[in-house]
Each structure stands twice: as structure tokens, then as C-alpha cells.
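Both counts, for ligands and for their atoms, begin at 1 and track the order of listing. All values derive from a computational prediction rather than experimental measurement.
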Amino acid sequence: MNANFLPFARPDIGEEEINEVVSALRSGWLTTGPQAKRFETDFSAFLGGGIECVAVNSATAGLHLGLEAIGIDAGDEVITTTHTFTATAEVIRYFGANPVFVDVDASTLCIDIAAIEEKITPRTKAIIPVHFGGLAVDMTALLGLAKRYGLKVVEDAAHAFPATCHQKLIGTWESDVTVFSFYANKTMTTGEGGMLVTRSPEIARRARIMRLHGIDRDAFDRFSAEKPSWYYEIVAPGFKYNMTDIAASIGIHQLKKVAGFQQKRERIARLYDEAFAGLPIVLPPKPRAGDLHAWHLYMIRLGDDAGVGRHTFIERMFGQGIGCSVHYIPLHLHPYWKSAYDLKPEMFPVSQSVYEHCVSLPIYTRMTDADVEHVISSVKSSVLTS
Ligand SMILES: *Cc1c(COP(=O)(O)O)cnc(C)c1O
């Protein structure tokens, strides 16, 4: 590929991360150990402290552990949105439980909170909202609804670090569990990784046990003052979801930079907004005044008057050396979800329309001003030349 090609996403890894990984490698302790512990402590401090943070090897693992800890069982129903990555819903299937899909709200592209209520049945146990693109779901409304019906809330915050709703950071709200992703293209990365965050000591304890084979090292304490170092008890058939110290070493330094990363992405979003204002393009929804948008995605929608379809637009952008992406092919269009739950596009008119028109543009910290200008001029020429 052309060396001048601007990829859709690219991680921002500095010498600090590299040196920390090297020292972890030299330390002789590679798997979960002091660095993972330090990353969890630092992450909790970032969220204002007093919050339990459990580092895991992916957000998918974190969502799985979260649902396990709140007691999701076969036959249960969990309400979520069709307009997301498959991980949000697949974790529900891990239990033999069933996702119940609702459309997104056209003004936020997050789950349509008003549409949740009519999907609640006696089997409904939980809601998984997705902070789409890094724009926070209205947590006051969502938690209010969940409370009225006695439902658990597990936030898929894979896009939302850091983001706020009513000036309160996602991860600090009263939901049961919040899960962040540190996949390579997310707002901060550990290569692969995630963080399960909870205000509940019981959920945190269960997640810590289940992320590592169901091993309970504290169990022996109950019966004896002496705890031999070799002793542990298996209390459940757990998983292998722990974060390595190598990954945590990257995360420790990404976390220190993440506020600066957010500012850089926000600036790019503002430059795009200004440049595209007069074009036949629908711009991404904005956060409320005073709120922080994580800007994981900058997703435009081509208007019917844009004179170009999505497919051609992406090809034109590619022809000008720019990588774009589509978020997402909604779950109701994927063969598995479609057939397992008899889903049809008409059930999700907003998501379907978003899908047909959407294009995500590059938005990441290592883009230069010239890169941003290049994207802007390429969007203009791709839209206006028909
Ligand atoms: C990336 C992503 C996930 C999964 O994150 P991993 O860390 O790759 O497991 C889940 N949900 C959404 C919305 C995502 O974008």
C-alpha cells in the first residue's frame, strides 16, 4: 500500500509505552501481576477513586464477566441495540440467554430508550446500552427506566473512554457494570484488553474469580489463619480472561495521555464540523453543552442530495488515499442474528437508514493538520463530483 495512504485508524504508542513493556519483559513477570494491579489502581483514580476496576484481556471478556456476575441465565432476556458490534450481543448468547434488539434514537444513534419499555417482559433481566461513537447515552433516563422495572444495567462503553453524561464520567454512574475496550483502534489501547468497572464489591470479587479459572485465593482464609502460598480453591468453572502485565504496561501510559488524546480528537471533530457545515451531509450528533464526547468515531451520513452513494463515496475516498469504515453493518442484517431472531430491516428503520448512508472518517491523534485537510478536501470533492 502507498506510504502516503491515510489509514482509517492508527494507535498512538510512544516511547513511554515501549520502555514500560521492555521493563515488564525484563522483569521476568509477564502475566497478570504488579503492572496489571497498577493499571487497575490508576484507572480507578482516573474515575475519581472508590470504584472497583478489573483488568481483562478484552471488552468482550469484560461484558461476559459482567453478565455472569449479575446472574444472567439461560432463557433470560437482555435488551440491547441492533446498531452495534456483534460482541455486545454475542456475550448474551454465551449463557443461552436471548438478546432483544431495539432500534437506535435518530438524535443520538444510541439505544432508543423510549423503545425499550415495550420490549420488557417477565424474562427481561438487563439492558446493555452502547455509548455509540463515544457519545454518552442519557444515563439518567436509562437508569430511571431500569430502576422502575428492576433491571440490571451493563454499559458497553467500548467507545466511551473518556466521555461524560451530565458532566459525570461514564464508568461512575449507578449501573451494575461498565466495560471499556482497549482494542488497537479504540480511544486508548493495550493491544487487546478491557476494563470491567463496578461500584459493587460483590460483582468485582466475582469477576476477579471468574476471569482466572474460578480460582479463589481468599477461600482458605475462612478456615485458617495460615494461608500457604500454594493453596487455592476452584469455586466455579471460570474463564481465562486476565490481562497480562505486558498489556497493562501499555495501558498505564496510554491512560496518562488519554485526556490529551480526547482533546486532539475533539479538535479534529470540530474542524470536520466546520468544514462540512454547508455540504449535503448529516453530521454526527453532538453531546449536551458541557459534556465530553470521546470521539471514537466521526461518522457522517450522506444525504439523498449528496449525489453519491455510500459505496462510491468510500471508493472515491480510497482513490484519494484515505481509509474509511462503516459502523456498523447492523446486527439485524447479519445471517446469524437475522435467522436466529427472525429480524427484519423494517423493525429497525433508524438503524437501517443510518447503515445505508453512513461513513466513518479517520479521527485519531496521530493525524497531522495536513491529514485533516486532506480528508476535508477529499470529502468535499467526493460529494460534489457526481
Ligand atoms: C470494540 C467493541 C467491543 C469489543 O471490544 P474488544 O476489546 O475488542 O473485545 C464491544 N462493543 C463495541 C461497541 C465495540 O466497538
For this session: For atom 10 (C) of ligand 1, find the nearest protein heavy atom and state the residue, atom name and distance (0.1 Å precision).
Result: D156 OD2, 3.6 Å
Problem set entry | ligand 1 contact by Y328, heavy-atom criterion under 4.0 angstrom | yes
Exercise. Going by an N to O cut-off under 4.0 Å, is there a salt bridge joining D369 and R267?
Worked result: yes
Problem set entry | Plane angle bin for H166 and W173 - parallel if under 30°, tilted between 30 and 60°, otherwise perpendicular | tilted
Exercise. What's the shortest distance from atom 1 (C) of ligand 1 to any protein heavy atom, and which residue and atom give it?
Worked result: K186 NZ, 1.5 Å
Exercise. Of all the atoms in ligand 1, which lie at a distance below 4.0 Å from a heavy atom belonging to A59?
Worked result: 4 (C), 5 (O), 6 (P), 7 (O), 9 (O)
Problem set entry | Residue, atom name and distance, where the atom is the protein heavy atom closest to atom 15 (O) of ligand 1 | H159 NE2, 2.7 Å
Exercise. Going by heavy atoms, is H296 under 4.0 Å from ligand 1?
Worked result: no
For this session: Would you please indicate if the ring centroids of F261 and Y364 are separated by under 6.0 Å?
Result: no
Exercise. Do I314 and M299 sit in the same hydrophobic cluster, where Ile, Leu, Val, Met, Phe, Trp and Tyr count as joined when their side-chain heavy atoms come under 4.5 Å apart?
Worked result: no
For this session: Report, in ascending order of atom number, the atoms of ligand 1 lying under 4.0 Å from any heavy atom of T84.
Result: 13 (C)
For this session: Report the nearest protein non-hydrogen atom to atom 4 (C) of ligand 1: residue, atom name, distance rounded to 0.1 Å.
Result: T60 OG1, 3.6 Å
Exercise. Which is it for L63 and E90 under the side chain to side chain contact (heavy atoms under 4.5 Å, CB included) test, yes or no, and what are the steps along the way?
Worked result: CA-CA 10 Å; L63 290 166; E90 79 188 22; over 6 Å; no
Seminar exercise, completed: Looking at A158, A87, S181, G194, the heavy atom closest to atom 12 (C) of ligand 1 belongs to A158
For this session: Identify, by atom number and element, the atoms of ligand 1 in contact range of Y183, meaning under 4.0 Å from any of its heavy atoms.
Result: 8 (O)
For this session: Give a yes/no on ligand 1: does G193 have at least one heavy atom closer than 4.0 angstrom to it?
Result: yes
Exercise. What atoms of ligand 1 come closer than 4.0 angstrom to any heavy atom of T88?
Worked result: 11 (N)
Problem set entry | Sidechain N-carboxylate O distance under 4.0 Å for R208, E52 | yes
Problem set entry | is_close_aromatic(F39, F46), centroid dist under 6.0 Å | no
Problem set entry | Ion pair check, R205 and E202, cut-off under 4.0 Å | no
